[in-house]
Protein chains: 2
Amino acid sequence: MKQYSIKDIAKLCNVSTATVSRVINNNGRFSEKTRQKVLDVIEQTGYKIDNNARSLRTNITFTIGILVPDIKNPFFADLVQKIEELLFTKNYSTIICNTDKNEQKEKAYLRMLENKKVDGIIVISGSYQHGFKFQSSLKEIPYICIDREPENFHNTVFISSNHYQGALDATNYLFQKGAKSPVVVVKKVSSSIKSRIDGFKESLKNHSLKFAKSRHELKLQSQSSFAKFLQKNPSTDSLFAVDDGIAMELLKYLKNLGYQVPQQIQVVGFDDVPAANIVTPKLTTIQQNTRKIAQTAVTSMMHAINKQNEKGSQFLIPTKLIIRETTK
Amino acid sequence: MKQYSIKDIAKLCNVSTATVSRVINNNGRFSEKTRQKVLDVIEQTGYKIDNNARSLRTNITFTIGILVPDIKNPFFADLVQKIEELLFTKNYSTIICNTDKNEQKEKAYLRMLENKKVDGIIVISGSYQHGFKFQSSLKEIPYICIDREPENFHNTVFISSNHYQGALDATNYLFQKGAKSPVVVVKKVSSSIKSRIDGFKESLKNHSLKFAKSRHELKLQSQSSFAKFLQKNPSTDSLFAVDDGIAMELLKYLKNLGYQVPQQIQVVGFDDVPAANIVTPKLTTIQQNTRKIAQTAVTSMMHAINKQNEKGSQFLIPTKLIIRETTK
DNA sequence: TTGAAAGCGCTAACAG
DNA sequence: CTGTTAGCGCTTTCAA
C-alpha cells in the first residue's frame with residue numbers, strides 16, 4: 001500500500017497542495033466546504049503528515065530530549081516516565097539520554113540532540129558537582145534544569161524539590177520524637193545534597209544545638225568507620241541520611257552492630273525509593289513530588305518553546321514526610 | 001551564527017554539493033585531494049549534516065522505538081538502558097515509549113513511531129496475555145520481541161530468557177537443599193510466567209513428585225489466604241515465587257506468621273531486582289542476563305534493518321542462580 | 001478564498 | 001572523478 005502525500009490529497013480534492021496544507025494546519029483561510037472535503041479525504045485515505053518534511057520546512061520537530069544520569073535510579077525513572085507521559089499527550093515525543101554521569105557521553109548526547117533539532121532539552125540530575133551549561137552553536141535550543149543547577153540561572157528555568165525544607169522537616173521530626181543528638185550522614189555532595197545538609201543545620205539551630213562537623217556530620221565509608229564514629233559519639237541517637245540508599249546502608253550496619261532501630265537510634269532518609277517500604281524496619285523518609293516536578297517541567301518547556309519567556313524562574317516543589325518504622 | 005548547509009560547503013570547496021555528499025557518506029568516488037579539502041572545510045565550519053533533510057530523501061531516520069510496559073520496573077529499566085546505550089554507539093537514537101500496559105496507549109505510540117518513520121521497533125514485555133501484533137499500514141517496519149511472544153513468529157525475532165530452565169534450576173536447588181514439598185506461587189500468568197511454571201513442574205517430575213495444582217500451586221492473594229494454604233498443607237517446606245515481587249511479599253507474610261526462613265520454609269524468587277539484595281533475609285533468586293538480551297536485541301535489529309533476514313529466529317538467553325539467604 | 005511556485009537540505013541517477 | 005539536476009513532502013509567500 002502506497003503512502004499518500006499531500007499531493008495525492010490535493011488531487012483527490014481538486015484543490016492545490018497549499019489549500020490542503022492550510023486545512024491541516026488550520027491556518028490561513030478556506031471555505032467550510034473545502035475544509036470538509038479535505039478532512040473527509042484525509043480520513044478515507046488514512047493520510048498521515050510527514051513530520052520529516054514538515055520539520056525540514058518549519059524547523060519544528062515536536063521532540064524533546066531528556067538528559068538523565070541514570071534511568072535505573074527509581075526516582076529518575078519515575079520522573080522521566082511522568083515527563084514522557086505528559087509530553088506525549090501534547091504530541092511531543094521524547095528522546096531519553098542516559099548520560100551515566102559521564103561528561104563525554106553527555107556531550108555526545110547534546111550534539112546528537114542538537115543535530116536532531118529537538119525543540120527543547122530537559123536536564124535532570126542531582127549528582128553533578130558542576131552546573132549545567134549548554135551553548136548551542138547554532139539555533140538557541142531552550143532547556144530546563146531539574147535538580148541540577150544551571151551555570152547561568154538567567155538562561156533557563158530551574159526546578160527542584162525543596163530539599164532544604166524537606167531536610168528541615170525530617171530533622172525536626174527527629175527532635176519531635178525525642179532526638180537529642182542527631183547526625184547527618186552523607187557520601188557525595190551535590191547541590192541538592194548541600195541544601196539537605198543546610199536544612200539539617202537549620203533544624204539544629206532551631207533546637208539550640210550548635211553544628212559541629214566532627215560531631216554532627218558523618219561521611220559514610222564503611223561499617224567499621226561507622227562503628228568507630230558511634231563509639232566516639234555514644235550519645236548519637238538519630239541519623240538523617242541524605243538519601244535512602246545511605247539510609248538503607250545504615251540500617252544494615254546498625255543491625256549488624258546490634259543496635260535497635262528506632263528504640264536506640266532513629267533513622268530518616270530522603271527520596272522514598274520503593275525499597276524504603278520493603279526493608280525492615282520500613283524507612284521513614286522524605287518523599288519528593290515527582291508528579292508536580294514533571295508537570296512544572298513540561299509546562300515551563302511549553303512556555304519556553306513558545307517564547308513566553310520565563311527565563312530565570314525557579315520553582316521549589318514541596319516535599320512530604322512519610323512516617324514509617326525507623327522513627328519512634 | 002548561521003547554520004552551514006551542504007551548499008555552503010560546496011561553494012567553499014569549489015565543488016558541487018553532490019561531491020560533498022559523496023565524501024560525507026563515503027560513497028561513490030572522489031579524489032583523495034577533494035576528500036581532504038571537504039573534510040577540512042567541514043571541520044573548520046563545524047558543519048553538521050541535517051538528518052531531517054537526509055531522512056526525507058533516504059527514508060532512513062536512525063531512530064529506533066522501544067515499547068516498554070513500565071520503565072519503573074527495575075528489570076525493564078536495566079534492559080532499556082542497555083539497549084539504548086548499545087544503539088547510541090551505533091549512532092541510533094532511541095524513543096522510549098512507556099505503554100503502561102495500556103492497549104490504547106500502545107496503539108497511539110505505534111502510530112507515532114510509524115509516523116516518525118523509525119527504522120525499527122523493539123517490543124519489551126512480560127506482562128501481556130496476548131501476543132504482539134504489528135502491521136504497519138505502509139512501509140514494513142521491522143520489529144523485535146523481547147519476552148513477549150509475537151503473534152506470528154515468522155515475522156520477527158523473539159528473544160527471551162530461558163525462563164523454563166531458570167525455574168528448573170531454582171526448583172532443583174530447592175530439592176538439593178532438602179525440600180520435599182515445594183510449591184510454586186503465582187499471581188498473573190503471562191507467557192514467560194507460564195514457562196517458569198513449566199520449569200517448576202519438570203523439576204517435580206524429575207524428583208518423582210506428581211504435580212497437583214491444589215497442592216503445588218498457589219495463586220497469591222492475601223496474607224490470610226496464604227496462611228490458610230499453609231494450614232491446609234503443613235508439609236510445605238519451600239516456595240518458588242514466580243517473580244521477586246511475589247517472593248518479597250511472601251517473605252513479609254512468613255515473618256508476620258512467625259515462620260523461620262529458610263529454616264522452616266525456603267524461598268526462591270526470579271529476576272534479581274535490586275531489592276532482593278536488601279530485604280532480610282536476602283533473597284535467593286534467578287538472575288536474567290540483561291546485557292546479553294540487550295546485545296542480542298540490538299544485533300538482531302541491525303540485521304533486520306539491513307535485510308539480513310533472521311526472521312523467525314528465537315533466542316533463549318541462559319539465566320543464573322544467585323544464592324543468598326532464603327535457602328539453606 | 002485559492003493556486004502557482006519557490007525552496008527547506010539532502011541524495012542519487014545520469015551524463016560527462 | 002565530478003557536476004547537473006530532479007525531487008523527497010511540506011509550508012509559505014505572492015499574486016490572483
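Residue numbering restarts at 1 for every chain, and letters A, B, ... go by the order of the sequence lines.
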Output the single nucleotide from D:dT11, C:dC10, D:dT5 whose closest atom is nearest the side chain of B:Thr17. D:dT5

For residues 77-85 of chain A, which side-chain donor-acceptor pairs fall under 3.5 Å, sequence neighbours excluded?
residue	atom	partner	partner atom	Å
A:Asp78	OD1	A:Lys82	NZ	2.8
A:Asp78	OD2	A:Lys82	NZ	3.2
A:Asp78	OD2	A:Thr290	OG1	2.8
A:Lys82	NZ	A:Thr290	OG1	3.2
A:Glu84	OE1	B:Tyr109	OH	2.8
A:Glu84	OE2	B:Tyr109	OH	2.5

Is atom CD of B:Glu43 surrounded by more than 12 heavy atoms (other residues, nucleotides or ligands) closer than 6.0 Å? no

If you measure only the distance, is there a donor-acceptor pair under 3.5 Å linking the side chains of B:Thr296 and B:Thr299? no

Whole angstroms only, please: what is the NZ-P distance between A:Lys7 and D:dT11? 14 Å

Think A:Tyr47 has a side-chain N or O under 4.0 angstrom from the OP1 or OP2 of D:dC10? yes

Spacing of A:Asp8 atom CG relative to D:dC8 atom P, expressed in whole Å: 10 Å

For D:dG9 and A:Lys48 - does any side-chain N or O of the residue sit under 4.0 Å from the phosphate oxygens OP1/OP2? no

Does anything in residues 22-38 of chain A come within less than 4.0 Å of DNA chain D? Heavy atoms only, and list the residues if so. A:Arg22, A:Asn25, A:Asn27

Check the phosphate of C:dT11 against B:Thr58, side-chain N and O only, distance under 4.0 Å to OP1 or OP2. Yes or no? no

Rounded to whole Å, CG of A:Asn59 lies from P of D:dT12 at a distance of 11 Å

Round to the nearest Å and state the distance from B:Ile49 atom CD1 to C:dG9 atom C1'. 9 Å

Would you check if the side chain of A:Thr156 reaches a backbone N or O of A:Tyr143 as a donor-acceptor pair within less than 3.5 Å? yes

Pairing donors with acceptors under 3.5 angstrom, does anything connect the side chains of B:Ser93 and A:Lys116? yes

Rounded to the Å, how far apart are B:Asp50 CG and C:dC8 C1'? 8 Å

Based on the rotation axes of five pairs at each end, what angle does the helix from C:dT1-D:dA16 to C:dG16-D:dC1 bend through, to 10°? 40°

Nearest whole angstrom, please: distance from the P of C:dT11 to the CG of A:Leu56. 12 Å

Assess whether a salt bridge exists between B:Arg111 and B:Glu114, defined as any Lys/Arg side-chain N lying under 4.0 Å from an Asp/Glu carboxylate O. no

d(CG, B:Asn14; C1', D:dC1) in whole Å: 16 Å

Got a sec: does the NZ of B:Lys292 have more than 12 other heavy atoms crowding it under 6.0 Å? no

In the structure I gave you, are the side-chain heavy atoms of A:Ser160 and A:Ile317 within less than 4.5 Å of one another anywhere? no

Tell me: CD1 of A:Ile6 to C1' of D:dT12, nearest whole Å? 12 Å

What contact category does A:Ser21 fall into here, base, sugar-phosphate, or nothing, at under 4.0 angstrom with non-hydrogen atoms? base

Keeping B:Asn162 on the side-chain end and B:Pro318 on the backbone end, is there a donor-acceptor pair under 3.5 Å? no

Between B:Ser16 and D:dG3, is there a contact of a side-chain N or O with OP1 or OP2 at under 4.0 Å? yes

Distance (rounded to the nearest 0.5 Å) between A:Ile159 CD1 and A:Ser313 OG: 9.0 Å

Side chain of B:Arg57, base of D:dG7: donor and acceptor closer than 3.5 Å? yes

